[in-house]
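Contents: one structure, followed by commentary.
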Amino acid sequence: MSQDTLFARILAGKSRPNPYPLYAIMRKTPVARQTDGTYVVSSYDAIYRLLYDPRLSSEDLPPPLLHWTGNPIKDLIIDPIKEQIRARHRPFIFRDPPDHDVLRRRVMREFSPERVRAMRGKTEKIAHDLIDNCQSREQIDLVDNFSYPLPVTVICELLGIPREDEPQFQGWATQLATALDPDQRSDEENWKKSQITFDQISAYMQALIDRKRADPQEDMLLGLATYKDPSDGRMNNYDLISTAVLLLVAGHETTVNLITNGMLTLLRHPEHLERLRATPAMAPRLVEELLRYEPPVHYRTRLALAEIEIGGVKIPKGTPVVLLLAAGSRDPDRFPDPDCFDPDRESNTHFGFGGSLHYCVGAPLARIEGEVALVALARRLLNPRLVETVPRYHPGASLRGPRHLPIAIDGIID
Amino acid sequence: MADPSSFAPPSRIVVAGASLAGLSAAKRLRQLGYSGDLVLIGDEPYPPYDRPPLSKQVLTRRLSTDTTLPQPRDLDIDWRLGVAARGVDLTARRIDLANGDALDYDRLLIATGTRARPWPKPDEASIDGVLTLRGRDDADRLVPRLAASPGRVLIIGGGFIGCELASCCREMGLAVTIVESERVPMRRALGERIGAFMAGVIRDHGVDLRLGAMVERIEADNAGAVAAVMLKDGKRIGCDLIIVALGAVRNVEWLEGLGLLTSARGLRCDAFCRALRANESPAPGVFAAGDVAHWPLVANDGHLVTVEHWGNAVEQARMAAHNMLAGDITGMRIHQHLPDFWSSQFGLNIKCVGLADSAEEMAIAQGSVEGRRFLAVFGRKGRTIAALSINSARWLPAYRALIEEGAPFPPIEGAVDQPRMRKEAAGFASIDT
């Protein structure tokens with residue numbers, strides 16, 4: 001099989017249910033040039049090394065698409081200025097140090113261990129309420145009924161977004177998640193939709209922050225808005241909004257997939273579902289193994305700022321580099337028997353949350369959500385069974401997960 | 001001529017030195033399946049313990065002085081603690097202990113490390129309140145003295161230990177003076193430029209840092225307790241506690257005149273960790289590792305080095321263990337470790353890979369010096385030989401890989417968070433080659 005078109009095959013929709021055999025082939029050339037000039041990195045060691053390499057930049061957003069409206073003031077002045085501001089105040093996942101570090105430090109401060117711990121009880125309540133809503137059903141769609149609403153409620157609660165606005169947020173979050181998915185970013189029509197959504201959510205956030213400033217309450221958004229960094233002062237409004245949007249989106253779609261992939265994996269390995277039901281204390285190990293075995297994020301793209309020589313391959317300056325994290329997490333040179341789902345694995349330093357300076361800022365929250373959700377599902381769904389052996393997947397190859405996961409049940413246990 | 005007995009698998013291995021290197025070797029030997037006798041000799045009465053915390057968290061009492069290293073349960077070691085090794089008979093393959101015992105060995109690992117260099121004038125060194133810091137007993141003496149809030153602590157020597165000590169003192173709110181003879185602190189490891197940066201940091205934290213200064217004598221009061229130091233330039237500094245931090249002396253005296261190649265720089269060994277005899281041939285069955293070893297660093301053109309760092313003690317001991325079991329040279333491996341170290345002081349995390357001290361030039365490659373988070377690279381003969389990070393350790397793995405590959409200097413141009421790179425003189429004292 002040709003290495004230089006392998007990544008295109010991975011991106012193709014029909015590979016979505018099981019990309020892992022293609023990853024195994026990919027790993028035979030750990031740093032592989034594709035016909036479009038992109039380099040795909042798929043071995044654990046090479047990914048690890050590049051995650052810590054200052055020659056790779058995360059500032060790889062595609063150039064803006066400016067649409068000609070015929071109004072010269074808008075086309076020549078307003079839109080370019082707006083675009084420039086937007087580019088300068090990208091969310092910190094798309095920024096490099098030192099700016100990245102300042103923004104991330106602010107967010108880390110708000111993601112305090114106390115605040116995250118306090119979310120466990122709230123998440124349990126949300127999870128059980130969602131399961132209660134499935135009483136007297138013989139079949140549920142895990143995505144629509146559970147995995148989808150749970151994280152958005154959690155992140156809205158954490159940020160301090162009013163309950164009644166949540167439905168609106170679900171739509172926005174879904175659209176903007178596509179902007180994090182590199183293979184969907186190249187779709188022009190979709191990118192334009194994301195821009196419009198971004199304008200809407202920005203306006204909403206701005207209004208909400210103004211309201212919060214007038215009537216202060218203890219939540220993350222207000223914390224971000226009011227904290228004065230000793231070296232950098234208060235956060236400007238543009239960064240504040242892009243950060244809030246990032247937290248909303250990144251904290252959402254990924255967790256949906258963690259929960260859905262998790263339940264799918266457990267239904268395919270019923271002995272572990274049984275173990276989790278009997279021993280909820282194994283949940284942390286189980287979630288860790290899920291993050292390795294069926295991670296919510298399969299790859300991230302970076303840009304080579306200088307030539308990088310790795311494993312005998314020279315990646316030229318200016319080249320997009322795909323870090324195929326999910327392939328690294330299944331590298332047999334790092335994980336014995338990598339295709340086996342084994343929550344008892346001794347050393348499990350997977351790439352499920354990425355690594356290095358962009359390591360998932362919400363990892364502690366994601367772990368809690370994953371643990372709480374799977375324990376609740378294991379305990380309360382009576383005799384759950386997969387309706388289809390292979391579910392239908394979202395189009396995204398990076399943020400990979402089922403669009404629907406129908407599960408037959410014999411009832412809900414109280 | 002090859003030594004025929006070295007081909008037979010050993011049945012008794014003796015390790016002289018029961019610290020990090022000794023324990024690391026023992027663990028590795030068992031891991032590799034060695035099931036014969038394993039004796040560990042240590043002059044201190046304690047099982048192997050960790051030293052880095054002794055000049056950091058232990059002093060501020062965030063950790064106790066018991067920093068015993070974790071040990072697997074099934075090491076099956078014959079411990080001889082509290083008794084020093086006194087001599088070796090290379091021909092008879094026997095090691096003599098201070099208590100009169102003698103032990104035969106098939107393989108001997110010498111890992112006797114170093115001790116703190118004492119104040120050179122014994123009558124002044126014995127004044128009440130003049131201490132050094134190297135081992136657990138030193139820390140046990142020092143911790144209550146610091147906790148008793150002395151009016152001023154004076155540290156003789158502005159190397160890593162001296163500066164870490166000063167950092168702890170400031171954290172505890174104590175007045176502290178460092179007297180250092182060089183123009184900048186930690187110059188031997190950091191060079192002039194980074195040393196000057198550290199001087200600024202140290203002074204910002206309220207340390208009275210006296211550079212280019214030397215202590216002429218230590219003075220006691222009428223009660224016999226330390227009262228002051230007199231500097232060479234005639235200045236007098238009153239103090240209640242003096243810590244002598246003048247570096248380390250290698251514990252090789254017990255080996256002198258026994259046929260092994262020793263010097264103030266340690267026990268010579270080759271890249272296979274084999275101890276050398278006076279004629280530079282390997283002594284049969286004898287190996288060396290850790291702070292006491294004086295060895296050729298492959299990454300530095302085979303330049304002979306002594307490395308007093310944690311990582312090397314572990315790696316060299318593990319390699320020595322492997323080679324002790326290898327039989328002959330064809331099964332041995334070369335110790336290719338790239339030395340590294342870390343320090344934490346004055347709110348900074350300092351990490352270094354490679355030995356910078358033979359560098360000719362340097363450049364700031366990441367971050368900003370003003371922002372107190374940066375990475376400096378060091379070059380010699382056009383190649384990158386070391387990288388040092390201040391609160392920027394995230395980039396070190398990439399630079400480590402480049403150093404190991406022998407990348408040109410500077411190794412990376414056009415990276416993320418990179419200032420305009422300017423080559424500067426590295427600012428190390430010229431070193432003997």
Side-chain angles (χ1 to χ4, degrees), chain A residues 30-31 41 43-60 90 92-105 108 229-232 300 302-319 321 323 349 354-359 361, chain B residues 31 70 72 201 204-205 338 340 342 346-349 351-354 363-377 383-384 386-421:
Chain A
V31 182
V41 183
S43 71
Y44 187 92
D45 283 349
I47 293 170
Y48 181 86
R49 208 184 128 178
L50 290 178
L51 279 170
Y52 290 89
D53 197 306
R55 288 168 291 188
L56 282 189
S57 167
S58 294
E59 302 196 345
D60 75 325
R90 295 165 181 182
F92 63 90
I93 194 171
F94 295 123
R95 280 164 86 166
D96 292 335
D99 301 357
H100 161 274
D101 301 356
V102 179
L103 291 171
R104 185 181 166 102
R105 195 164 65 221
M108 291 294 284
D229 186 88
S231 66
D232 196 51
R300 298 293 304 153
R302 302 273 201 269
L303 186 71
L305 296 180
E307 183 183 88
I308 303 173
E309 187 170 349
I310 178 162
V313 178
K314 278 189 178 143
I315 302 174
K317 178 180 172 175
T319 306
V321 178
L323 302 178
T349 49
S356 187
L357 70 157
H358 290 287
Y359 184 87
V361 76
Chain B
Q31 254 176 23
V201 171
D204 280 356
H205 280 78
L338 185 67
D340 54 7
W342 78 94
F346 302 104
L348 298 182
N349 169 292
K351 281 189 168 179
C352 187
V353 295
I364 305 297
Q366 301 284 160
S368 85
V369 178
E370 298 72 41
R372 296 196 172 175
R373 31 150 229 101
F374 62 91
L375 183 143
V377 285
R383 271 184 26 204
T384 304
L388 181 132
S389 74
I390 305 279
N391 283 358
S392 302
R394 62 158 74 127
W395 304 127
L396 265 188
Y399 284 91
R400 171 188 279 278
L402 288 159
I403 293 164
E404 283 168 347
E405 286 161 12
F409 178 86
I412 294 180
E413 283 181 272
V416 162
D417 195 18
Q418 188 167 65
R420 183 183 294 271
M421 271 208 282

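Computed from heavy atoms alone, side chains included, the values below leave out hydrogens, waters and symmetry copies. We name chains A, B, ... by the order of the sequence lines, and we start the count at 1 in each one.
- In this structure, no portion of B:Gln418 lies under 4.5 Å from any heavy atom of chain A.
- In this structure, a donor-acceptor pair under 3.5 Å is present between the side chains of A:Ser58 and A:His358.
- Taking 4.0 Å as the cut-off between side-chain N and carboxylate O, B:Glu405 and A:Arg49 count as a salt-bridged pair.
- Expressed to the nearest 0.5 Å, how far CH2 of B:Trp395 lies from CG of B:Leu375 amounts to 10.0 Å.
- For B:Arg373, the part lying under 4.5 angstrom from a heavy atom of chain A is the side chain only.
- Only the side chain of A:Asp101 comes within contact range of chain B, with at least one heavy atom under 4.5 Å from a heavy atom of that chain.
- Below 30°, between 30° and 60°, or above 60°: for A:Tyr44 and A:Tyr48 the angle between ring planes is below 30°, a parallel geometry.
- Heavy atoms of B:Gln366 lying under 4.5 Å from chain A belong exclusively to its side chain.
- Contact annotation for A:Leu56: only backbone heavy atoms (N, CA, C, O) come within less than 4.5 Å of a heavy atom of chain B.
- Using a 4.5 Å heavy-atom cutoff, the side chains of A:Leu357 and A:Phe92 are not in contact.
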